[in-house]
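Notes follow the structure.
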Amino acid sequence: MTVRVSGEAAEVARAEAQAVLSMVRDETRRGRLADVVAAVDGGEVDGDDADALAELLDLGLSTGRVRALYGPDGEQAALALFRRLPLGKELTDSARELTEALGALEGRRIERVTVNAVGPGEYGVTISTEDFEVVLRLGRAGARLATIGA
């Protein structure tokens, strides 16, 4: 899957990759980051470069670094790019699938909602009706349906 990178998204992606590249000492990692910079400069990323770029953007977006350095417009450009990369598409797809599954609760009276910590950055959400229960998992891997049943 090839993703075009241009405009402000390319500027943010290049700057983030170069910032991390300037601090990394491991030669393998440096080579991977240099490949990302070259791909962004070429206007397209795919394969390992797309995965590495998604990791960089994920870190920068989740820590607030991208917004702090590039402002709201830079953040929005980075988010739009992230959503088009494989990791971002996976998260978007998992949210869409979860929304479809939650449709089973439509029109039912919610009797109970509980949230519990499953582990670091991972939460379970249980939504119960009189005759139905849905258990969701929310975390770094996305939003997903754990169980659904009566």
Side-chain angles (χ1 to χ4, degrees), residues 1-107 110 113-128 133-148:
M1 174 177 153
T2 300
V3 176
R4 294 200 37 78
V5 184
S6 61
E8 191 164 8
E11 293 173 24
V12 172
R14 181 183 308 103
E16 286 300 288
Q18 289 173 333
V20 174
L21 180 59
S22 72
M23 296 192 290
V24 171
R25 299 292 168 236
D26 177 69
E27 288 304 316
T28 302
R29 184 76 173 144
R30 289 181 60 78
R32 190 172 181 204
L33 290 165
D35 289 346
V36 169
V37 172
V40 168
D41 286 344
E44 295 181 339
V45 295
D46 61 9
D48 290 342
D49 294 336
D51 293 340
L53 179 55
E55 290 173 18
L56 283 170
L57 292 176
D58 182 13
L59 180 63
L61 289 164
S62 64
T63 62
R65 174 184 161 86
V66 169
R67 186 177 182 86
L69 292 178
Y70 312 104
D73 291 342
E75 180 183 46
Q76 289 305 307
L79 278 167
L81 173 56
F82 177 79
R83 288 182 190 119
R84 292 186 291 122
L85 294 168
L87 177 58
K89 282 186 122 4
E90 286 175 22
L91 293 175
T92 299
D93 290 347
S94 74
R96 185 180 311 109
E97 291 168 4
L98 184 57
T99 298
E100 289 172 11
L102 287 172
L105 297 174
E106 193 169 326
I110 304 296
V113 177
T114 60
V115 178
N116 64 311
V118 176
E122 186 81 11
Y123 300 90
V125 178
T126 303
I127 304 169
S128 302
E133 184 171 273
V134 175
V135 180
L136 318 172
R137 291 288 182 259
L138 308 173
R140 301 253 331 131
R144 60 200 179 281
L145 182 65
T147 59
I148 189 167

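- Within 6.0 Å of the CG atom in Asp48, the count of heavy atoms belonging to other residues, nucleotides or ligands does not exceed 12.
- Separation of atoms CD (Glu122) and CZ (Arg137) is listed at 7.0 Å; rounding is to 0.5 Å.
- Side-chain contact check for Glu16 and Tyr70: at least one donor-acceptor pair (N or O, by modelled atom type) lies under 3.5 Å.
- Distance check: Thr28 OG1 to Leu33 CG gives 11.0 Å after rounding to the nearest 0.5 Å.
- Taking all atoms of both residues into account, the shortest heavy-atom contact from Val66 to Gly74 is CG1-O, 4.0 Å.
- The structure places OG1 of Thr99 at 11.0 Å from CG of Leu145, a figure rounded to the nearest 0.5 Å.
- Across Thr92, Leu53, Leu56, Leu57, a single residue satisfies side chain to side chain contact (heavy atoms under 4.5 Å, CB included) together with Phe82, and that is Leu57.
- Among all heavy-atom pairs drawn from Val45 and Ala39, the shortest one is CG1-CB, 3.7 Å.
- If you take CD1 on Ile127 and CD1 on Ile110, they are separated by 6.0 Å, rounding to the nearest 0.5 Å.
- Listed here is the closest heavy atom pair of Ala13 and Val40: CB-CG2, 4.2 Å.
- Remark: Arg96 engages Asp93 in a salt bridge, criterion side-chain N to carboxylate O under 4.0 Å.
- Nearest heavy atoms, Met1 versus Pro86: CE-N, 4.2 Å.
- Annotation for Glu133 and Ser128: closest pair OE1-OG, 3.1 Å, computed over non-hydrogen atoms.
- Note that the CD1 atom of Ile148 and the CG atom of Leu105 stand 6.5 Å from one another [nearest 0.5 Å].
- Atoms CD and CG, on Gln76 and Leu79 in that order, are 5.5 Å from each other to the nearest 0.5 Å.
- Smallest separation of non-hydrogen atoms from Arg4 and Arg84: O-NH1, 2.9 Å.
- The pair Arg140-Glu90 does not meet the salt-bridge criterion, since no charged nitrogen lies less than 4.0 angstrom from a carboxylate oxygen.
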* Take Leu61 and Glu75 through the side chain to side chain contact (heavy atoms under 4.5 Å, CB included) test and state the conclusion after the steps. => CA-CA 7 Å; Leu61 289 164; Glu75 180 183 46; 3.9 Å; yes

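- Distance alone, capped at 3.5 Å, is enough to place a donor-acceptor pair between the Arg30 side chain and the Leu21 backbone.
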